[in-house]
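Accompanying notes for the structure given below.
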Amino acid sequence: MKNVNTILIANRGEIASRIIRTCKKMGITSVAVYSEADKYLPFVQEADVAIHIGDPEPVKSYLDQDKIIAAALQSSADAIHPGYGFLSENASFAKRCADEEIIFIGPKPEAIEAMGSKSKAKALMEKSGVPVIPGYKGKDQSESVLKAEALKIGFPLLLKATAGGGGKGMRIVYKEEEIDEAISSAKREAQSAFGNDELLIEKYIECGRHIEFQIFGDQHGNVIHVLERECTIQRRYQKVIEESPSSIMTNPLRTTMGETAVVAAKALKYDNAGTVEFIFDDKTGDFYFLEVNTRLQVEHPVTEVITGLDLVQMQIESVQGLRLPIQQEDVQGNGYAIEARLYAEDASNNFAPVTGKVHKFDFPEVEGLRVESAIKSGSEISMFYDPMIAKIVVKDKDRQTAHGKLRYVLQNLICQGTVTNAPFLQTLLQHQDFKEGKYDTHFIEKHIDLSKINDLSEQDTEEAAIAATLFSWNQRNASRNMLSSLPSGWRNSFYEHQKETFLIHQNKLTVKYKYEDKIFTVLIGEKEFEVQIIAINEETIRLSINGLQKDFTITNVDNDYFVHSATIGNLQISKQDRFPLKKKEKVHGGYEAPIPSQIVKINIAAGDTIKEGDSMIVLSSMKMETHITADKEGIIDEVFVEEGANVEAGFVLLTIKEN
């Protein structure tokens, strides 16, 4: 048996915190590595030791093998846990760990290498009798050959990076005229994310469900599956909701798919945690192999809470040479679990990632709730990494009860300072087809109107404005030291109201109010409200509005008020100055960065003629590419950025002039 006394975690955020938790439980010293952007994140403080390894860009920190190994040697780490993403499925890194006599907490390098290329993985699975989707997985990766093979397969088809997952380097192509740009874009994104631009092409199954089986092996040849997770609900080819058991699963189907997953694992002589992913065709009832993820999955807590197992502990025990603590017949699911990924993104803007400072971050106390979080109150959301900020896991006796609890958690989640996908998740949970388990991988685009995700009712808008007004009133009243004998808001004209004007979702709303005998008379337009402050502290105000009491959590930063209530959700509203500053004028013909980004490709130069729809600049933010396209014909006037530069939201990238 190999002893593991110190583990370096070659990752960041919530997965680093998760691994640290098991290290503490097992009495193992944990070592965190962190980039400059992550210096103040929770995982750095939670680790027993933390080592700075470089600049925010992943290639200069979390993907730099030299720095990771040096940190492991500096801290005398016996082992490295790679988490997921970054170096977790990098066979050369696993081999390098072995060369340095450091234990890599994952499967042996040969298994990673075999599954590291999706094309090689499909070939191995075919040989082992595992059903696979028809497609091209050849070595010739020239764009001309890829296009020719795509035309042979027919549309729709799926381009997929062979070296990684998470939707990076993945494109669905529906017609021939899209194929050239799709291939070059997928290759570029794959190269950026994984350091490898190899693609495979598959026939695309339009009515499919994504079902994966957790597998686990040890160094004695034992392999089991630990039930399924359904991951069908996705956006941008990344999972949003994961649940177990699957709503379509029967005992015979679970047995068949589980046994197939074990066959796949045994073909690899698998000896740690992994996942065999399948696509299930709703039309035919057939299922096909997609890939083996040779690492711990983001959604592993779903399996942990229904089985009671600690998969990270099992990983550590496996690399120490211990046998699996359970056999296949011992694996039992208890109840139902669902995981919702909380992202810093604007669902109404096609899930565009956002950055910013989270002023307050908190969850309600709910039985069966488990939160895996990357941040805390005061944390900054960086442009350099994936926008997931937390995983919200709820377990209960059945699907309906757990969904009800998850809705409650999302209603009472406080995340003030940045936009999140919480309103989208609430909308999803309320959809009748989702409640009944009737969905496929296209559910979001087919059934969810993203344009209305952030819409507020008139009542919610009015309540938010009233809460911000009286919270502001109380702040001023508490800080007064002149004429304190006069009532707050005193006027020499009895009929004159105080007033505040707010900007809410680009709409102005004016609140007028008077205070007399502990009661506020509030006017909004033609409506009158009787309001009383029931209780108040530095961050929460409880109001009675026309006899209905509610709590509002409020953070005030300059003229911005971040308001939360169970019905409103998390809302940012801005108080308008009496003498507002003149707004910055828009640059004529200018194109701005929509979000903080890195410039990854410039397709134009000054003097070029462009037409509507042309891709001019490609940005990357939070591991996602965004194309800046021309909205009209013209001539490029000036380009203000260079490839590799980092820019803030609103930075003018280029200007065009008309022909």
Donor-acceptor contact present, side-chain [X] to main-chain [Y], <3.5 Å:
X      : Y      : result
Asp310 : Gln313 : yes
Asp78  : Thr6   : yes
Ser379 : Ser377 : no
Lys24  : Glu46  : yes
Glu277 : Glu212 : no

Assess whether a salt bridge exists between [X] and [Y], defined as any Lys/Arg side-chain N lying under 4.0 Å from an Asp/Glu carboxylate O.
X      : Y      : value
Lys360 : Glu539 : yes
Lys239 : Glu299 : yes
Glu113 : Lys95  : yes

Option from Val557, Asn570, Ile554, Ile573 for which side-chain contact (heavy atoms from CB on, under 4.5 Å) with Phe562 holds: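 The single option meeting the side-chain contact (heavy atoms from CB on, under 4.5 Å) with Phe562 is Val557.
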Sole residue of Val305, Val298, Val394, Ile241 in side-chain contact (heavy atoms from CB on, under 4.5 Å) with Glu339: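 Among Val305, Val298, Val394, Ile241, the one that satisfies the side-chain contact (heavy atoms from CB on, under 4.5 Å) with Glu339 is Val298.
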Side chain to side chain contact (heavy atoms under 4.5 Å, CB included) between Ile9 and Phe43, worked out: CA-CA 10 Å; Ile9 300 135; Phe43 79 94; over 6 Å; no
Worked check of side chain to side chain donor-acceptor pair (under 3.5 Å) between Ser574 and Tyr561: CA-CA 6 Å; Ser574 300; Tyr561 288 81; over 6 Å; no
Distance (rounded to the nearest 0.5 Å) between Glu643 CD and Lys601 NZ: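 It is 6.0 Å, given to the nearest 0.5 Å.
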Distance, nearest 0.5 Å, that separates CD1 of Ile19 from CD1 of Ile316: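 Separation between the atoms: 8.0 Å.
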Flag for Gln141-Asp197: side-chain donor and acceptor within less than 3.5 Å: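 No - no donor-acceptor pair under 3.5 Å links their side chains.
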Test side chain to side chain contact (heavy atoms under 4.5 Å, CB included) applied to Ile80 and Ile69, step by step: CA-CA 9 Å; Ile80 291 178; Ile69 294 295; 4.2 Å; yes
Salt bridge (Lys or Arg N to Asp or Glu O under 4.0 Å) contacts in which one or both residues fall within residues 63-75, not counting sequence neighbours: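 Pairs touching residues 63-75 that pass the test: Asp66-Arg96.
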Verdict with supporting geometry, Arg12 and Ser35, side chain to side chain contact (heavy atoms under 4.5 Å, CB included): CA-CA 9 Å; Arg12 63 178 299 278; Ser35 74; 5.7 Å; no
Verdict with reasoning, Gln214 to Glu304, per side chain to side chain donor-acceptor pair (under 3.5 Å): CA-CA 10 Å; Gln214 177 73 54; Glu304 291 188 328; over 6 Å; no
For Glu242, salt bridge (charged side-chain N to carboxylate O under 4.0 Å, His left out) partners two or more places apart: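 Scan of Glu242 (salt bridge (charged side-chain N to carboxylate O under 4.0 Å, His left out), adjacent residues dropped) gives Arg341.
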is_close_aromatic(Tyr270, Phe216), centroid dist under 6.0 Å: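 Centroid distance Tyr270-Phe216: not below 6.0 Å, so no.
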Trace of the side chain to side chain contact (heavy atoms under 4.5 Å, CB included) decision for Glu625 with Leu619: CA-CA 6 Å; Glu625 282 196 357; Leu619 309 176; over 6 Å; no
Set of residues satisfying ring pair (Phe, Tyr, Trp, His ring centres under 6.0 Å) with respect to Tyr591, sequence neighbours excluded: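 Counting only residues at least two positions away or on another chain, Tyr591 forms no ring pair (Phe, Tyr, Trp, His ring centres under 6.0 Å).
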